[in-house]
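Written below as structure tokens is the structure these notes are about.
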Amino acid sequence: MTTIIAFVSQKGGVGKSTLARALAREAVAGGLKTKIADLDTQQGTSIDWHRTRLNAGIEPAVSAEAYGTAEQALKAGDQYDLLIIDGPARTSKGTLAIARLADLVVQPTGASVDDLRPAVREFHALVKEGIPRDKLAFALNRIGTAYEEAEARAYVGEAGYVALAGCLLA
Ligand SMILES: Nc1ncnc2c1ncn2[C@@H]1O[C@H](COP(=O)(O)OP(=O)(O)O)[C@@H](O)[C@H]1O
Ligand SMILES: [Mg+2]
């Protein structure tokens with residue numbers, strides 16, 4: 001059984017690739033057979049990262065490959081324990097296809113209302129299409145202060161979602 005964790009957002013630059021790579025590195029170190037499926041074929045951030053680590057001989061080696069769709073990634077990655085989807089910034093439709101396949105959908109977001117409002121709207125759209133709420137979680141990123149983190153956590157909680165424990169600081 002392959003567990004699929006996907007990092008999605010409509011916006012670019014929110015931390016999808018950063019978190020996908022960090023999770024992949026930790027999962028491999030913890031003994032899980034792990035692969036990153038880089039669906040952002042324009043940026044290829046995780047592919048570049050993979051190559052850089054290989055060239056520098058950095059352990060543990062984490063495999064990453066580019067795919068056009070989540071379905072293709074799953075077909076090629078079903079022998080892994082964990083398939084991590086590094087999503088592209090794209091329309092809700094592409095995100096929906098990813099969310100249907102994933103066991104957990106993580107949306108990184110900043111703490112400002114300008115970030116949070118569209119991010120919540122994105123999850124609402126997935127729920128409306130039948131994605132269970134308990135598959136959806138926010139990851140707080142670029143957080144300045146503990147107060148800011150608490151406020152953002154409360155905002156997503158009021159919207160009916162959870163934010164994963166901890167956060168990445170700005
Ligand atoms: N918390 C953070 N603090 C500083 N830089 C960050 C942080 N999170 C992400 N970045 C940087 O911001 C840029 C965009 O992040 P990335 O993970 O590539 O976003 P996405 O994949 O969502 O487009 C990258 O250069 C990344 O290193
Ligand atoms: Mg990216």
Side-chain angles (χ1 to χ4, degrees), residues 4-29 34-56 58 62-74 76-77 82-99 101-102 104-126 131 135-153 155-156 161-170:
I4 305 176
I5 298 179
F7 292 87
V8 305
S9 71
Q10 276 195 298
K11 271 192 191 170
V14 295
K16 296 180 295 295
S17 298
T18 299
L19 290 169
R21 294 178 300 188
L23 175 61
R25 192 260 167 232
E26 293 306 307
V28 171
T34 303
K35 179 176 205 165
I36 300 181
D38 194 338
L39 262 56
D40 196 341
T41 46
Q42 279 182 356
Q43 299 281 331
T45 313
S46 287
I47 301 297
D48 286 347
W49 175 78
H50 167 64
R51 202 168 297 138
T52 303
R53 283 172 68 89
L54 270 186
N55 288 340
I58 297 171
V62 180
S63 59
E65 225 173 301
Y67 296 97
T69 67
E71 288 85 351
Q72 286 165 3
L74 181 58
L82 179 62
L83 184 67
I84 296 172
I85 295 179
D86 180 8
R90 67 153 66 137
T91 61
S92 301
K93 223 175 177 185
T95 303
L96 178 60
I98 294 171
L101 287 181
L104 176 67
V105 179
V106 180
Q107 186 179 185
T109 178
S112 78
V113 172
D114 286 342
D115 291 334
L116 288 166
R117 200 175 282 146
V120 162
R121 223 180 278 136
E122 180 75 1
F123 270 178
H124 282 344
L126 294 178
I131 303 297
K135 270 185 24 177
L136 307 175
F138 286 101
L140 302 177
N141 189 16
R142 298 179 192 278
I143 301 298
T145 64
Y147 179 76
E148 199 176 67
E149 181 189 355
E151 286 288 292
R153 203 172 285 287
Y155 185 99
V156 302
Y161 302 100
V162 294
L164 298 173
C167 67
L168 288 186
L169 301 177

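Atoms within a ligand are numbered from 1 in the order they appear, just like the ligands themselves.
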So, does Gln107 use its side chain to make a donor-acceptor pair with the main chain of Ala119 at under 3.5 Å? yes
Counting non-hydrogen protein atoms only, what is the nearest one to [atom]? Give residue, atom name and distance.
{"atom": "atom 15 (O) of ligand 1", "result": "Thr18 OG1, 3.7 Å"}
{"atom": "atom 18 (O) of ligand 1", "result": "Ser17 CB, 3.8 Å"}
{"atom": "atom 19 (O) of ligand 1", "result": "Gly15 N, 3.1 Å"}
{"atom": "atom 5 (N) of ligand 1", "result": "Arg142 NH1, 3.8 Å"}

Rounded to the nearest 0.5 Å, what's the gap from CD1 on Ile36 to CG on Leu23? Could you check? 8.5 Å
Mark up the atoms of ligand 1 that fall under 4.0 Å of a heavy atom belonging to Lys16, in ascending order. 17 (O), 19 (O), 20 (P), 21 (O), 22 (O), 23 (O)
A student checking ligand 1 against Val14 at a 4.0 Å heavy-atom cut-off should list atoms 19 (O), 20 (P), 22 (O)
Any N, O or S atom of Thr45 closer than 2.8 Å to the Mg ion (ligand 2): no
For the residue pair Ser17 and Asp86, confirm or rule out a side-chain donor-acceptor distance under 3.5 Å. yes
Tell me, please: is Ser9 in heavy-atom contact with ligand 1, that is, under 4.0 Å? no
Compute the shortest N/O to N/O distance between Leu168 and ligand 1 and return yes if it is under 3.5 Å, no if not. no
Looking only at distance, does Asn141 have an N or O less than 3.5 Å from an N or O of ligand 1? yes
